[in-house]
Amino acid sequence: MADTYDVIVLGSGPGGYVAAIRAAQLGLKTAIVERELLGGICLNWGCIPTKALLRSAEVFHQMKHAKNYGLSAENITADLDAVVQRSRGVAKQLNQGVTHLMKKNKITVHMGTGKLVAPGKLQVTGEKGTETLEAKHIVIATGARARDLPHAKADGNRVWTYRHAMTPKEMPTKLLVIGSGAIGIEFASFYNDMGVDVTVVEMMDRIVPVEDADVSAFLEKQLTKQGMKIMTSAKTSDMVVGKDSVKVTITDKAGKAEAVEFSHMIVAIGIVPNVENIGLEDLGIEPDKRFHIKTDDYGRTNVKGIWAIGDCVDGPWLAHKASHEGVTAAEAIAQELGNKDVHPHPLDRRNIPGCTYCHPQIASVGMTEAKAKEAGYEVKAGTFPFIGNGKAIALGEPEGFVKTVFDAKTGELLGAHMIGAEVTEMIQGYVVGKTLETTEAELMNTVFPHPTISETMHEATLAAYGRALHM
Ligand SMILES: Cc1cc2nc3c(=O)[nH]c(=O)nc-3n(C[C@H](O)[C@H](O)[C@H](O)COP(=O)(O)OP(=O)(O)OC[C@H]3O[C@@H](n4cnc5c(N)ncnc54)[C@H](O)[C@@H]3O)c2cc1C
């Protein structure tokens, strides 16, 4: 007889495993199905191992600049294998952590590839053969994978996706990064700090194009100062992938084309959802216009009892967004199964922070100044530079700024945008504020600890109203 559950979650990334934990917390008999590693892309191939690599690059950078702090460090070298090994070790530790969490919450783990064969029925093919599981509800959390260039598929030799870039066997000598979203820029920053000659090519007219235009401009200046070559409004074509190099024609914004040879190339042009071969078409589950699975605000697809969350549904494609959707879906399922005490909370898309861990870091939440104006707001914006902040100067990190965007009529905080040291840790202050529908008045009246870089958040609020104190 088939194993039966209240909920089966297909995919164990930060969407899937969190959904499973919440379902189990609510007393539902829960299973999770995973074909590769518990923890999904985020823990094993995404958020976490990249941050471990970037930490090594940061320490390396600081060691090289030890003199700035009155210290000396000589003959500083990087052991690429050891750097990668540390990153893999961190990923493994977290993967084991998820294994522990599954056990602790009494969630049954089925390792294998899952496919929906009927509403409430999931076939799993793994090392032990094929089994069919049954559940009242199934949550699809199959995530996404790197998008390939059609004419130069990643081979792990010269052309890399993030998986190859995370586990290099050799240090590139001359690296091309195509795409300047968070993933592309983080790898560009890592390799640049490790001493590689890095060129970034971006099709749009600025790097990190989803961020506020001021942040893009500041980052471009900083990365260029660090020795990176940045080409915006640029195109790549005529790629010739050889055994030892890849030759690419780059057309710059003036229309000048040049063939350039690189030792390696990272393709970071976005992701595609994992929606193939999991039985969606046979069950009539509808995609949205970008071929992600279409859902309502709670994760329900158009087929009763089948839910979807995370990178396989609409964006932004971020781990914390996937986890929030996981909790919402689990609670909505519990509610459908009769639990009257849960109150699922759909995601408020205006308040999802985004962080990029390049050097300097970027963090933002809500609308950029341009988007707020486009949306018809009369805007009050304020900017405060890190150079006016005592802690940033003491840390030797005076490059950066915080920008706030308020609705001039109501004082509502519409957006906040930061670049500089530690901003990925600070943004949450604004996210909490936005969730509580804060206005400039509460932020102005909040006491910020001194000395902290977070004081720039206070100052940027004051600056929007012409009241900055240290500028
Ligand atoms: C290099 C990189 C860096 C990133 N950095 C960040 C960051 O700093 N912050 C951030 O918020 N986000 C980051 N992300 C994005 C983040 O990793 C994703 O948004 C997140 O992992 C999505 O979670 P998920 O649960 O939807 O899917 P995933 O994490 O992709 O997990 C899906 C799981 O489903 C499994 N699966 C798929 N199909 C099947 C099947 N048929 N049967 C069984 N199992 C299946 C897969 O093996 C996988 O384990 C990064 C991504 C990358 C690639």
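Both ligands and their constituent atoms are indexed starting at 1 by order of listing.
- Although no hydrogens or angles enter the test, the distance criterion places no donor-acceptor pair under 3.5 Å between the side chain of R35 and the main chain of G114.
- Using a 4.5 Å heavy-atom cutoff, the side chains of H110 and D3 are in contact.
- Checked against salt bridge (Lys or Arg N to Asp or Glu O under 4.0 Å), E127 has no partners two or more places apart in sequence or in another chain.
- Using a 4.0 Å heavy-atom criterion, the residues that approach ligand 1 are L10, G11, S12, G13, P14, G15, G16, V33, E34, R35, E36, L37, G40, I41, C42, W45, G46, C47, T50, K51, G112, T113, G114, A141, T142, G143, A144, Y162, M166, I183, I278, G310, D311, W317, L318, A319, H320, A322, Y357.
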Evaluate L28 against L337 for side chain to side chain contact (heavy atoms under 4.5 Å, CB included), listing each step before the verdict. CA-CA 9 Å; L28 305 178; L337 292 173; 3.8 Å; yes
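- Residues meeting the salt bridge (Lys or Arg N to Asp or Glu O under 4.0 Å) test with R206, sequence neighbours left out: none.
- With sequence neighbours left out, the side chain to side chain contact (heavy atoms under 4.5 Å, CB included) criterion links T173 to S263.
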